[in-house]
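What follows is a set of notes on a single structure, which appears directly below.
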Amino acid sequence: MRITKDQLMALLFLTPSFILILIFVYGFIGWTGWVSLSNWNSLMPDLSFAGLKNYIYLFGDYRFQADLRNTVFFTILFIGLVILVGLTLAILLDQTKKMNALFRNIFLFPMALSFVVTGVVWQWLLNPSTGYNQFLKLFGMEPLWYTDTNILAGFQWGSIEFGLPVAIISVVLAAVWQMTGFSLAMYVAGLTGIPDELREAARIDGASELQIYRKVILPMLTPITMSVIIIMAHISLKIFDLIYAMTGSGANFVTDVPGVYMFETTFRGNYYANGAAIAIIMLLLVAVFIVPYLINSRRGAS
Amino acid sequence: MLKKSLALLALLCLTFALVACGGNEDASNDASDTTDDSTSEDTSSDSEEASGDGGKVEIFSWWTGAGEEDGLLALIDLFEEKHPDIEVENAAVAGGAGTNAKAVLAARMQGNDPPSTFQVHGGAELNESWVAADMMQPLNDFYEEQGLMDKFPQDLIDMVSKDGNIYSVPVNIHRGNVIFYNKAVFEENGIEVPTTIDEFINVLSQLQDAGVTPLALGDKEAWTATQIFENLLLASLGPDDYRALFAGEIGFDDERVREAAENFKTILGYINDDHASRNWQDASQLVGEGEAAMTNMGDWAKGYFNNDLELETNVDFGYFAFPGTTEDFMVITDTFGLPQGVENPDQVKEFLSVLGSVEGQDAFNPLKGSIPARVDADKSKYDEYGTDTMEDFQNNNLTPSLAHGSAAAEGFLTKVNQEVNIFVTQQNVDQFIEKLQQAAGDL
């Protein structure tokens with residue numbers, strides 16, 4: 001096989017970024033994995049081998065169990081709502097051709113903010129001495145669900161109560177408020193991509209508008225839903241900034257997530273190996289979503 | 001052919017740029033290291049000024065809140081007045097009790113990029129981490145030169161020393177076992193200042209019956225609740241055994257530790273419902289507005305009452321020592337040291353000498369609401385609260401604060417904060433004691 005000049009050129013251009021990614025992404029993942037198997041739980045490095053000690057510690061740890069529970073509920077609620085709200089808005093936009101662009105921009109705009117900003121804004125909104133709580137106080141109501149420690153439909157599982165923490169809902173709302181614009185934009189693009197001929201054909205066959213959406217349009221949007229799920233899943237599984245700015249960890253760790261625990265245990269407690277183990281578990285959680293997607297899209301391509 | 005050579009040229013440029021970046025930094029670091037080592041102090045500072053990037057002191061702290069920032073800026077102003085040639089960089093990182101700043105600091109120290117000088121609490125936070133890791137330079141000669149040895153109480157010097165070497169200069173003293181209360185609320189309900197835990201609990205229930213929130217707590221960051229617990233520990237153990245507890249000589253299964261936990265549980269029955277969504281300022285605000293009667297906070301809260309809520313000391317709000325600890329003084333001291341490997345130790349020492357001077361301490365402390373660490377400071381510069389506290393500081397038993405990293409290493413504190421967070425909701429004394437005992441393995 002002969003390599004052409006163009007191919008050689010392409011190879012030359014790819015090499016530097018390939019090397020950089022190899023070192024600064026995969027190299028550091030490996031380094032984190034190595035630290036997670038070490039005894040480095042003090043200020044200064046100690047890289048002696050500890051086996052799975054740090055992982056075993058974590059899975060027996062009340063806080064980490066609570067983190068995993070919170071992550072599960074945060075991810076399900078967050079992805080579900082982002083898809084539901086985004087799709088609904090996109091269909092509504094699809095129906096009203098007027099001012100389509102204006103609405104789209106309004107809904108897309110929250111995405112321009114960082115999660116830290118969203119967290120601070122919602123923290124102000126929900127703070128007991130400012131925001132809408134003051135307004136509700138005028139009517140004699142005092143909602144505390146922002147830091148509510150109740151667990152809905154809870155049952156004891158290991159040392160933690162497993163169920164939906166009420167306080168998670170407030171964090172999910174803030175995250176959905178910010179990210180809905182993204183799924184909206186994806187779905188609008190998808191809807192525009194569906195040729196009018198298909199709808200026409202369906203109408204001629206006597207389908208109602210509802211049937212057209214259910215039988216024709218929604219199935220064609222499946223790949224977009226897949227993309228939204230993948231992108232939202234990796235955001236929600238490694239979320240840190242929103243929670244950190246908004247609730248800290250919450251009383252009884254009802255809004256704590258692995259990202260926040262990783263930060264605190266590593267950089268406050270100097271438990272570097274424990275922190276690295278949390279980071280690796282977070283990576284694996286994301287991989288559970290990403291890898292099947294990658295395999296699937298590879299199969300589709302070939 | 002042209003395309004190919006252009007591309008190759010671009011690639012070469014990129015490679016060189018990358019190599020040059022890395023190389024330059026190393027070279028300049030090496031150069032400055034050798035200047036420091038081989039030349040006399042004067043020439044090294046001269047050459048740094050000549051090269052234009054020397055003569056800078058980077059001051060790392062977490063003083064960004066009202067009052068504390070004013071104090072820091074006043075100190076910097078004084079320093080700049082005395083040393084107009086030295087540039088000051090205020091590298092403060094926001095976050096209550098230094099929670100964020102400490103993370104940034106650890107990363108910088110491990111990356112061999114220490115700030116010129118940094119804020120660190122005297123006690124375990126200094127001695128068991130930075131000094132134990134051999135990252136600080138001893139300041140014994142500096143203390144002798146500046147004549148500081150007899151200007152600080154011996155107990156305080158002991159808190160910033162390890163194995164006979166002194167490692168930092170204290171700038172202030174805070175007291176952690178203070179309760180601030182709303183005077184009007186106390187008067188309306190005819191409440192006397194409690195001095196024992198039993199009296200305190202009586203007062204709490206009296207206030208609750210009167211329809212006032214007895215104790216305001218803002219434990220969005222867990223250290224505020226840990227602070228209540230440490231005061232209860234001190235109350236039931238007494239100063240000597242309190243110190244022994246963190247030295248590992250008394251176990252957490254001691255009956256008196258359990259008593260402290262039981263009291264903690266009782267007291268948690270009298271706090272505001274929305275404590276988890278508030279920070280300490282939000283909680284103090286409740287006291288200022290008369291919605292709550294009392295709050296336990298270090299004396300930085302006094303600055304918050306004065307400056308932010310515009311309340312007058314001993315008119316709108318009063319203060320008393322945490323019940324059961326009236327003879328004790330829970331010390332929180334901010335100190336500044338000299339890390340290993342800073343580029344210009346002489347300029348940093350200039351800053352430390354201003355920081356340790358009467359003038360520097362009197363510029364800083366009245367604004368921050370703390371008292372000076374020096375015993376010979378000018379009392380007239382402090383308000384009634386300050387002079388009261390200065391008197392207590394000289395007469396009471398000094399005990400190191402756990403919540404602020406003086407009593408035990410940071411790792412233990414992190415675990416305690418975690419268990420306190422859980423305890424505040426679950427209030428399971430047995431489990432709490434058991435977890436504390438487990439964590440004590442890290443002491």
Side-chain angles (χ1 to χ4, degrees), chain A residues 5-6 8-10 12-13 15-17 19-20 41-45 57 61-64 66 123 126-131 133 142-151 159-161 167 170 244 246-256 261 263-272 274, chain B residues 1 3-4 7-8 10-11 14-15 18 96 98-100 102-107 109-110 128-130 132-135 218-222 225 272-279 281-283 285-286 289 291 405 409-415 417-419 421-426 431 435 442:
Chain A
K5 260 185 211 163
D6 281 352
L8 186 72
M9 224 17 88
L12 269 175
F13 275 108
T15 312
S17 73
I19 292 172
L20 290 176
N41 281 323
S42 58
L43 199 63
M44 295 322 278
Y57 168 78
D61 182 33
Y62 176 84
R63 181 172 181 181
F64 193 67
Q123 192 260 118
L126 301 175
N127 187 295
S129 46
T130 54
N133 288 301
E142 215 158 330
L144 288 169
W145 51 282
Y146 158 52
T147 45
D148 201 328
T149 53
N150 287 321
I151 309 279
S159 65
I160 65 148
E161 200 179 0
S170 62
Y244 194 73
M246 200 169 150
T247 61
S249 305
N252 206 18
F253 298 117
V254 281
T255 57
D256 198 48
Y261 190 20
F263 177 80
E264 287 187 356
T265 199
T266 313
F267 299 112
R268 280 185 207 170
N270 300 320
Y271 295 106
Y272 287 88
N274 282 347
Chain B
M1 197 55 214
K3 235 164 82 184
K4 186 180 174 183
L8 273 175
L11 189 66
L14 186 73
T15 322
L18 279 172
T99 43
N100 301 335
K102 285 175 191 171
V104 175
L105 182 65
M109 295 290 268
Q110 280 157 4
E128 302 310 320
S129 50
W130 305 121
D134 196 24
M135 285 185 153
D219 67 340
K220 196 176 167 206
E221 290 167 21
N272 45 315
D273 291 339
D274 55 8
H275 59 95
S277 36
R278 291 176 181 268
N279 55 27
Q281 286 100 332
D282 297 331
Q285 201 181 345
L286 286 179
E289 287 167 354
E291 281 187 48
E410 204 80 349
F412 177 73
L413 174 57
T414 305
K415 287 194 174 168
N417 280 336
Q418 252 175 57
E419 294 315 321
N421 181 335
I422 295 167
F423 182 75
V424 170
T425 309
Q426 303 193 348
Q431 187 189 311
K435 292 285 180 181
D442 290 5

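Chain letters run A, B, ... following the sequence lines, proteins first and then strands; every chain starts at 1. This structure is a prediction, so every number in the text was calculated from the model and none was measured.
- Taking the side chain as every heavy atom from C-beta outward, A/Tyr271 and B/Lys415 approach each other to under 4.5 Å.
- The contact between A/Asn127 and chain B is made entirely by side chain atoms (from C-beta outward), counting heavy-atom distances below 4.5 Å.
- By number of non-hydrogen pairs under 4.5 angstrom with chain A, the leading residue of B/Ile422, B/Asp219, B/Asp134 is B/Ile422.
- A 4.5 Å side-chain heavy-atom check between A/Phe253 and B/Thr425 finds every atom pair outside the cut-off.
- Proximity to chain A (any heavy atom under 4.5 Å) is restricted, for B/Gln285, to the side chain, taken from C-beta onward.
- Here the side chain of B/Gln110 pairs a donor or acceptor atom with the backbone of A/Leu43 at under 3.5 angstrom.
- With a threshold of 4.5 angstrom between heavy atoms, A/Thr149 approaches chain B through side-chain atoms but not through N, CA, C or O.
- Listed options B/Leu105, B/Asp282, B/Thr414, B/Asn421 were ranked by heavy-atom pairs under 4.5 angstrom with chain A; first place goes to B/Asn421.
- Counting heavy-atom pairs closer than 4.5 Å to chain A, the top-ranked of the candidates B/Gln426, B/Glu410, B/Gln418, B/Met109 is B/Gln418.
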> Can A/Tyr62 and B/Gln431 be said to form a side-chain hydrogen bond (donor to acceptor under 3.5 Å, both in side chains), step by step?
Replying inline: CA-CA 11 Å; A/Tyr62 176 84; B/Gln431 187 189 311; over 6 Å; no
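- Both the backbone and the side chain of A/Arg268 come within contact range of chain B, with heavy atoms under 4.5 Å apart.
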